[in-house]
**Q** 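Okay, handing you the structure first.
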There are 2 protein chains.
Amino acid sequence: MTRTPLADVACSIARATDLFGDAWTALIMRDVLTGVGRFDDLAHDLGISRKVLAARLARLVEEGVLSKERYQERPPREHYRATEKGEELYPVLLALMRWGDRWCAGTDGAPARVHHLTCGRDTTPVTACAHCGDPLTVHNTTQLPGPGGHTGPGTRVLGPLLASRAPE
Amino acid sequence: MTRTPLADVACSIARATDLFGDAWTALIMRDVLTGVGRFDDLAHDLGISRKVLAARLARLVEEGVLSKERYQERPPREHYRATEKGEELYPVLLALMRWGDRWCAGTDGAPARVHHLTCGRDTTPVTACAHCGDPLTVHNTTQLPGPGGHTGPGTRVLGPLLASRAPE
DNA sequence: GGCGGCGGGTTCCCTGAGGGAACTTAACAC
DNA sequence: GTGTTAAGTTCCCTCAGGGAACCCGCCGCC
């Protein structure tokens, strides 16, 4: 299959997707970020093949998203924890969860609530502008080439194409 | 392969991942949301196999994320556009892009900038609490079972496990 | 001190999804 | 009637994922 390598494309979405665009990675990160860090727990909880789980974990450790730590010496036991790089995937999970809540929830509502400890309320994650705090949508934003947007052969920028929408 | 079906798991992340947890889907949505909607344009832009592109588009249309519209009659030409359900995937893309910018960008910076038309500035997407506007992180939130969190066999809730972190 | 169990993987085989490229159909355009 | 563009479809091949069995170090215990 030789999955098309996306990491070298000049698009942060592609680069992130190269790691994250796998059905299991998001769920592994969900579990690890919520405290499930042991191999067997992950395997049982996710229903993932142990082989694939081992491969995913190795990849995530290699990428610096997880770290493997020995939490007891005798007998030697290890678990996986999120690094800072891994913890910052949390907003991606929240965005996915929010979308799933809105569009995939059954009649009885969302399967889980997010409780914001700081303000003490159940909350809904909103993707907002860092400056003005307004929610960002397709319609009130546009993408422009950035400093790293070298447009060589085979590279792509998250296109500044919004203005030139396809013909009506 | 019979990819493990995740849509029936009681977790919105799993449900969203069932659709979105594929390397191509995120990139297709990126393109469609930025105005690339024609089959050939997508195929060239992404470098995706045409067979897989056709399958992905069919799936996305079936799921109600994209719609296929005829934009000219003679000769008949069609393109794909995001539905409301599809447009709401934008925050997920922004979160992915932000993460990629922070952790995968080269020395020359992010490949693209997000410009917020409403406030007129280049912005950084922040995942914030809908109530107080504070950024949400792993540390200031916890997950609790929601109304749809029926914990039958084979179902899972994004666990309320944060408090009971694995042993140190 | 041998036996069972647990945690954390690794190995095996099998299926089927993805890659690549060629082929197809339909509607013009010259 | 030859060429071009758009939008798929078909073919073959390889390799990643699923499933289940196997393995190894280190216990606890009787």
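In what follows, chains are A, B, ... by sequence order, proteins preceding strands, each numbered from 1. No hydrogens, no waters, no symmetry mates; every other heavy atom, side chains included, goes into these values. Because the structure is predicted, anything quoted here is derived from the model rather than measured.
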**Q** In whole angstroms, how far is the P atom of D:dA6 from the CD atom of B:Glu69?
**A**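 Taking CD of B:Glu69 and P of D:dA6, I get 19 Å after rounding.
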**Q** Would you mind checking if A:Arg59 and A:Asp18 are paired as a salt bridge, meaning a charged N to carboxylate O distance below 4.0 Å?
**A**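 Result for this pair is yes, salt bridge flagged.
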**Q** Expressed as a whole number of angstroms, how long is the span from A:Gln72:CD to D:dG28:C1'?
**A**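 Answer to the nearest Å: 14 Å.
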**Q** I'd like to know if B:Arg30 and B:Asp45 make a salt bridge, using a cut-off of under 4.0 Å between side-chain N and carboxylate O.
**A**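 B:Asp45 and B:Arg30: salt-bridged.
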**Q** Whole angstroms only, please: what is the CZ-C1' distance between B:Arg56 and D:dG8?
**A**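 Value for this atom pair: 16 Å.
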**Q** Taking salt bridge (charged side-chain N to carboxylate O under 4.0 Å, His left out) as the cut-off, I'd like each qualifying pair that reaches into residues 116-134 of chain B, sequence neighbours left out, listed once.
**A**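 Those involving residues 116-134 of chain B are B:Arg113-B:Asp122.
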**Q** Let me confirm one number: the CD-CG distance from B:Glu62 to B:Leu57, rounded to the nearest 0.5 Å.
**A**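 Between B:Glu62 CD and B:Leu57 CG, I get 12.5 Å after rounding to 0.5 Å.
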**Q** What is the separation between atom CD1 on B:Ile48 and atom P on D:dA7, rounded to the nearest whole Å?
**A**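 Distance, rounded to whole Å: 15 Å.
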**Q** At under 4.0 Å between heavy atoms, how does the protein contact nucleotides 8-14 of chain C? Give one character per nucleotide, 5' to 3', with B, S or -.
**A** BBBBBB-
**Q** Take atom CG of A:Leu46 and atom P of D:dG17, then tell me their distance rounded to the nearest Å.
**A**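 Answer to the nearest Å: 15 Å.
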**Q** Rounded off to whole Å, could you give me the CG-to-P distance for the A:Leu53 and C:dG7 pair?
**A**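 Interatomic distance, CG of A:Leu53 to P of C:dG7: 14 Å.
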**Q** Taking side chain as C-beta onward, heavy atoms only, is A:Ile48 less than 4.5 Å from A:Leu42?
**A**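 Sidechains of A:Leu42 and A:Ile48: no contact.
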**Q** May I have the distance from B:Asp22 (atom CG) to C:dG16 (atom C1'), rounded to whole angstrom?
**A**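 Nearest whole value for this atom pair: 15 Å.
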**Q** Could you give the NE2-to-P distance, from A:His44 to C:dC6, as a whole number of Å?
**A**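 Answer to the nearest Å: 10 Å.
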**Q** Please determine if a side-chain N or O atom of B:Trp24 lies less than 4.0 Å away from the OP1 or OP2 oxygen of C:dG19.
**A**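 It does, given that an N or O in the side chain of B:Trp24 lies less than 4.0 Å from OP1 or OP2 of C:dG19.
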**Q** Using a strict 4.0 Å threshold on nitrogen-to-oxygen distance, state whether A:Asp40 and A:Arg50 make a salt bridge.
**A**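 Judged by the 4.0 Å cut-off on N to carboxylate O distance, A:Asp40 and A:Arg50 do form a salt bridge.
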